[in-house]
Amino acid sequence: LTRSLTITSADQSVFEKAQGENITLPCTFELSEEDEGPLDIEWVLIPSDSQKKEQIIIMYAVDKIYHFYSPLAGRVEFTDLDPKSGDGSLDIVNLKAADTGTYQCQVKKAPGIQSIKIQLTVLVKPARTKCSIEGSQEIGKDVTLKCVSQEGSPLLSYDWRRVSGTHQLP
């Protein structure tokens, strides 16, 4: 029985965090004696829009760390600055709504290769709701009541009710 590289951090693959918070995306691994090649750890952002291509965020190769994806510049780093110890986890600080997506950690050390995917959703506090009325406010005329918020995830939903005093009317 031969054993090769194994990713050991598969306990949670879906994360939700608020905008502005920090997060550690886990990617710990164990190497085996059969794995002889150079260690390569690569974090990739897989966009939700299938028309866009994957973006390499950060990479550890030949004992060096390389940063790639500019929207995360200055906000992303390996948790352990020496990831060959078995911890290729990724720290992201000051989360932004645009950081929402699927992150993939791929660990390679020939002949072993393993990867895990982690879904991150960054929740955004809703902006103040703005409400307005359109149309003539006369008996027998049509009016449109509108409420909208420019920000917020998940998107806000609205429930309309007609209230007179303490009674709800149809």
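Quick caveat: nothing in here was measured; it's all calculated off a predicted structure.
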*Start with the C-alpha gap between Ile56 and Ile58, add the side-chain angles, then the distance that decides, and say whether side-chain contact (heavy atoms from CB on, under 4.5 Å) holds.*
CA-CA 6 Å; Ile56 298 173; Ile58 192 170; over 6 Å; no
Contact check, side chains of [X] and [Y], non-hydrogen atoms, under 4.5 Å:
X: Ile113; Y: Val107; value: no
X: Leu95; Y: Ile23; value: yes
X: Tyr103; Y: Ile46; value: no
X: Val44; Y: Gln55; value: no
X: Leu90; Y: Cys105; value: no
X: Met59; Y: Trp43; value: no
X: Ile65; Y: Phe78; value: yes
X: Asp82; Y: Tyr60; value: yes

*From CA spacing to verdict: side-chain contact (heavy atoms from CB on, under 4.5 Å), Gln114, Gln106*: CA-CA 6 Å; Gln114 291 288 318; Gln106 187 172 61; over 6 Å; no
For [X] versus [Y], what's the shortest heavy-atom pair and its separation?
X: Ile7; Y: Cys27; result: CD1-SG, 4.3 Å
X: Ile116; Y: Ser9; result: CD1-O, 3.7 Å
X: Ser89; Y: Pro26; result: OG-CA, 3.4 Å
X: Thr129; Y: Cys147; result: CG2-CB, 3.8 Å
X: Lys117; Y: Ser13; result: O-CB, 3.7 Å
X: Ala97; Y: Gln19; result: N-OE1, 3.7 Å

*Do NZ/NE/NH1/NH2 and the carboxylate oxygens of Lys109 and Asp35 come within less than 4.0 Å?*
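Salt bridge flag = no for Asp35 with Lys109.
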*Give a yes or no on whether a salt bridge exists between Lys17 and Asp99, defined as a side-chain N under 4.0 angstrom from a carboxylate O.*
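No, this pair does not count.
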*Rounded distance [0.5 Å steps], CG in Leu45 versus CG in Leu72*: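 It is 7.0 Å, given to the nearest 0.5 Å.
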_Hydrophobic cluster membership, Phe68 vs Ile57, 4.5 Å side-chain cutoff_ =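 Per the 4.5 Å side-chain linkage, Phe68 and Ile57 are not co-clustered.
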*Please answer: with hydrophobic residues joined when any side-chain heavy atoms are less than 4.5 Å apart, are Ile133 and Trp160 in the same cluster?*
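The answer is yes; both residues are in one hydrophobic cluster.
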*With distance as the sole criterion, is a donor-acceptor pair present between the side chains of Glu16 and Thr121 under 3.5 Å?*
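Result is no, nothing qualifies.
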_Looking only at side-chain N and O atoms, does Asp87 offer a donor or acceptor that is under 3.5 Å from a partner on Thr28?_
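No.
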_Walk me through whether Phe29 and Leu5 qualify under side-chain contact (heavy atoms from CB on, under 4.5 Å)._
CA-CA 7 Å; Phe29 58 92; Leu5 173 109; 4.3 Å; yes
*Pick from Thr24, Leu25, Val122: which one makes a side chain to side chain contact (heavy atoms under 4.5 Å, CB included) with Ile92?*
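By the side chain to side chain contact (heavy atoms under 4.5 Å, CB included) criterion, Ile92 pairs with just one of Thr24, Leu25, Val122: Leu25.
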_If we check side chain to side chain contact (heavy atoms under 4.5 Å, CB included) with Glu134, which of these qualifies: Leu145, Thr144, Val143, Asp142?_
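Only one of Leu145, Thr144, Val143, Asp142 forms a side chain to side chain contact (heavy atoms under 4.5 Å, CB included) with Glu134, namely Thr144.
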*Is the side chain of Asn94 donor-acceptor paired with the backbone N or O of Asn22 at a distance under 3.5 Å, no angle test?*
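Absent.
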_Donor-acceptor pair, distance only, cut-off 3.5 Å: does the side chain of Arg75 make one with the backbone of Val93?_
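Indeed, once roles are kept as given, a pair shorter than 3.5 Å links the two residues.
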*Report the C-alpha separation of Phe15 and Ile118 in whole Å, then their side-chain angles, then the decisive distance to 0.1 Å, and conclude whether the side-chain contact (heavy atoms from CB on, under 4.5 Å) test is met.*
CA-CA 8 Å; Phe15 290 87; Ile118 297 172; 3.4 Å; yes
*Just do the side chain to side chain donor-acceptor pair (under 3.5 Å) check on Thr8 and Glu30 with the steps written out, would you?*
CA-CA 7 Å; Thr8 56; Glu30 290 179 358; 5.3 Å; no
